[in-house]
Amino acid sequence: MDKDQQIQELEKIGGKIKEKKKVREKGLTDLPPPHHKAVLRFAPNPSGPLHIGHARAAILNDVYVKRYNGELILRIEDTDPRRVHLDAYSMIPEDLKWLGVDWNKTFIQSDRIPLYYQYAEKLIARGGAYVCHCPGSEFKKLKDKSIPCPCRETTLEENLEKWAEMEDLGEAEAVLRVKTDLQHKNPAIRDWVAMRIVEAEHPRIGSRYKIYPMMNFSVAVDDYLMGISHVLRGKDHLANSEKQKFLYDHLGWDIPVFIHYGRLKMDDVALSTSKAREGIQSGMYSGWDDPRLGTIQAIARRGITPQSIQELIQEIGVKISDSIISWKKIYGLNRTILEEKSNRYFLVSQAEKVEIQDLPEEFKGLIKRPLHPDFLKRGYRELPFNGKVYLASEDLKENKTLRLMDEVNVRVEEGSVYYHSPSLEEARAEKAQIVHWVPRDDNIPAEVVMPDNHILSGYAEPECSKLKRGKVVQLERFGFARVDNLRPDKIVFYYTHS
RNA sequence: GCUCCGGUAGUGUAGUCCGGCCAAUCAUUUCGGCCUUUCGAGCCGAAGACUCGGGUUCGAAUCCCGGCCGGAGCACCA
């Protein structure tokens, strides 16, 4: 019996067919409730500028906050003095702005240390934590066997005392541990560290404090205090979410919705901030915006638009499996956005000097080309033509006919270029390639910095002098490029993509 | 090694919870064609995937078990 027959049969005997499942809308899936008071946070460690991986967290949070009319908190997590770099405090907000992420409040955790002390005490008083003097390796041995360490059994009063005395101890001599479940099947979860002693100077707040919270502690306290409803983070925090739940339980707090997404890998890019920093220091990279890096700054400098990154991140969504994103993908998204916006210009690289032989006088003069073929209202650029031009060496093939765009057809023979014919029709008949060109007597020397940081030299048409730094243009038959620097004697582009 | 989690075209996704409408969506990519004074855009067409094996079932991308592959964590980092 096939399906239709079954349905008929079923109806005959009075059965009902289950209603079909809902059709979900395109785009990012909804967050689990509550939606009415959605408070999300983006909580980077200030180790450097943001990269494409951060962009995922930032944009996802931003999109949901906007969807539910909620609130986004920027929280700088700088509770490890040794992993803090001051330049990051200003770079992070700048990168977020570039990405189009809007946030309502900013908190810096190193301003909140006393708050964490307060909750640590509260936790001790509730019997949820204890000061532990065991050496790390010793504790690990016990922990792996689910055996409580001697410190775990001390009384509340004793613990509070030991907590007060921690101030006088040296690094590694004591930690504050959160009581969890020693039988927990994942040893990593068992009695994790909440507070530790760090003697290093904090780049931002100096040596005011010696006891610093661990990320798991400060994060949970802050998420509670800030009323975070949904915690969106990478799956590398899976075990941390599990750890933090114990803290919420000790303190009688409601647990936010934890959502984890997979890793984002990019082909060809070193995402590690510390490696990039080393490379910049050693001179291997020109800076945080070196085109080879995956930083937001580098992407921006190359003329990738924030919209393309937003679209990319939203398309990838929040699933927990890893994604490998390719430049091709970003280029594709970006090209669609750039295509409309970018005006057209000529730039010839690998330039060959050409003087057209036998060129009739009448062709010399000013040539007009539209700034954008699909938007003629934008106007035209003008190129003076006198028969002396630069052509790309790859276009100059022996025994071929070429058409210089909007100008004349020429023939390449025995190393020379001869006038051939005037019209487009003739060019078509000859199957001539239609090529771009730059006047030899009127142009701007140009450089194009390619994605691998090598530099192509060439000449740009004269009207490029009217461009503004930051503009992305399409260099016809060459590719999209962003104007990076503009001087009377030279224009520097950063190549975006083809 | 231990704990946990994944696996849909080259890539990114939809569908998986609640099995049938899925010989599987959309985008990108690649390749053709049309168009075009850009190798851009646009239009048309094509290519290309349910990790494998078993089980349950009339029916499995979807449920169960196992293998394989991949990932994350196993810190006094975040």
Side-chain angles (χ1 to χ4, degrees), chain A residues 1-4 6-7 17-27 29 43-47 77-80 82-84 109 132 135-136 139-140 143-144 171-177 184-190 192-198 211-212 214-216 218-219 233-240 242-243 260 262-263 265 267 311-312 314-317 319-333 335-336 338-340 342 344 346 369-370 372-374 395 403-407 409 423-425 427-428 432-436 474-480 498:
Chain A
M1 210 179 337
D2 72 17
K3 201 190 151 206
D4 289 336
Q6 289 179 40
I7 292 170
I17 303 167
K18 241 191 316 181
E19 263 319 302
K20 259 310 132 201
K21 12 183 167 172
K22 73 284 138 186
V23 182
R24 198 166 319 131
E25 245 177 77
K26 269 263 148 201
T29 49
N45 168 244
S47 56
E77 307 208 323
D78 55 350
T79 53
D80 180 4
R82 290 190 235 270
R83 288 191 33 155
V84 167
Q109 288 192 316
C132 175
F139 181 86
K140 183 177 166 28
K143 176 188 79 173
D144 286 345
E171 212 155 302
E173 288 179 347
V175 294
L176 183 72
R177 289 187 185 281
H184 195 108
K185 52 186 172 174
N186 184 355
I189 308 292
R190 300 173 194 160
W192 49 272
V193 176
M195 292 276 185
R196 83 309 202 166
I197 298 162
V198 185
I211 301 175
Y212 284 91
M214 294 289 289
M215 165 263 172
N216 273 311
S218 48
V219 160
R233 58 182 168 201
K235 67 178 184 185
D236 43 324
H237 287 293
L238 237 19
N240 291 323
E242 193 67 23
K243 289 182 184 180
H260 301 93
R263 303 238 312 174
K265 275 186 246 152
D267 49 359
E311 281 173 27
L312 175 79
Q314 292 194 51
E315 182 175 324
I316 294 169
K319 48 177 236 164
I320 195 160
S321 42
D322 298 344
S323 309
I324 302 165
I325 52 169
S326 61
W327 281 110
K328 262 189 189 174
K329 179 77 190 176
I330 294 179
Y331 294 167
L333 292 170
R335 190 177 294 120
T336 310
L338 250 31
E339 159 63 24
E340 276 187 31
S342 311
R344 274 56 185 199
F346 285 160
R369 276 206 40 97
H372 191 122
D374 303 330
D395 287 336
R403 175 164 181 81
L404 308 195
M405 269 189 228
D406 271 330
E407 203 17 75
N409 307 327
S423 73
L424 179 62
E425 288 66 33
R428 292 252 160 81
Q433 182 135 52
I434 298 166
V435 303
H436 57 114
Q474 190 194 104
L475 303 170
E476 295 193 63
R477 302 210 317 135
F478 183 82
F480 292 92
S498 60

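Letters go in sequence order (proteins before strands), and every chain restarts at 1. Since this is a predicted model, take the numbers as computed values, not measurements.
When distances are taken from the side chain of A:R196 to each of B:rA72, B:rC77, B:rU37, the shortest belongs to B:rC77. Out of B:rU38, B:rU37, B:rC77, the shortest distance to the side chain of A:Q474 is found at B:rU38. Ranking B:rG40, B:rA72, B:rC77 by closeness to the A:D374 side chain, first place goes to B:rG40. Taking the side chain of A:S323 as heavy atoms from C-beta on, and the options B:rG73, B:rG12, B:rG40, the nearest nucleotide is B:rG12. Closest to the side chain of A:L424, from the set B:rA78, B:rU37, B:rG12, is B:rU37. Relative to the side chain of A:K328, the nucleotides B:rU37, B:rU29, B:rC4 differ in distance, and B:rU29 lies closest. When distances run from any side-chain atom of A:K265 to the nucleotides B:rU37, B:rG71, B:rU28, the shortest one goes to B:rG71. With B:rG6, B:rA72, B:rC76 as the choices, the nucleotide that has an atom nearest any side-chain atom of A:S321 turns out to be B:rG6.
Rounded to whole Å, atom P of B:rU38 lies 6 Å from atom CE of A:M405. Computed from coordinates, the A:K243 NZ to B:rC4 C1' distance equals 14 Å when rounded to whole Å. The nearest whole Å value for the distance from the NE2 atom in A:H372 to the C1' atom in B:rG42 is 11 Å. One can place CD1 of A:I189 at 11 Å from P of B:rA75, the figure rounded to the nearest angstrom. In this structure, A:I434 atom CD1 and B:rU36 atom P are separated by 11 Å, rounded to whole Å.
If you check every strand for non-hydrogen atoms under 4.0 Å, A:D406 touches a base. Contact annotation for A:S498: no contact, since no heavy-atom pair falls under 4.0 Å across all strands. Using a 4.0 Å heavy-atom criterion, one finds that A:A172 contacts the bases of the nucleic acid, with or without backbone contacts as well.
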Show each protein N/O and nucleotides 43-52 of chain B N/O combination with a separation under 3.5 Å, one pair to a line.
none

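Each of A:V193, A:I197, A:I211 was checked for a side chain to side chain contact (heavy atoms under 4.5 Å, CB included) with A:V175, and the lone residue meeting it is A:V193.
Not a single donor-acceptor contact under 3.5 angstrom links the side-chain atoms of A:E407 to the base of B:rU37.
Using a 4.5 Å cut-off on side-chain heavy atoms (C-beta onward), A:Q474 and A:E339 make contact. Residues A:I434 and A:L424 are in side-chain contact: their nearest non-hydrogen atoms beyond the backbone lie under 4.5 Å apart.
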Both atom distances under 3.5 Å, Watson-Crick or G-U wobble: I'd like the secondary structure of RNA chain B as a dot-bracket string, with | for pairs made across strands. (((((((..(((.......[.....)))((((((.......))))))...(((((..]....))))))))))))....
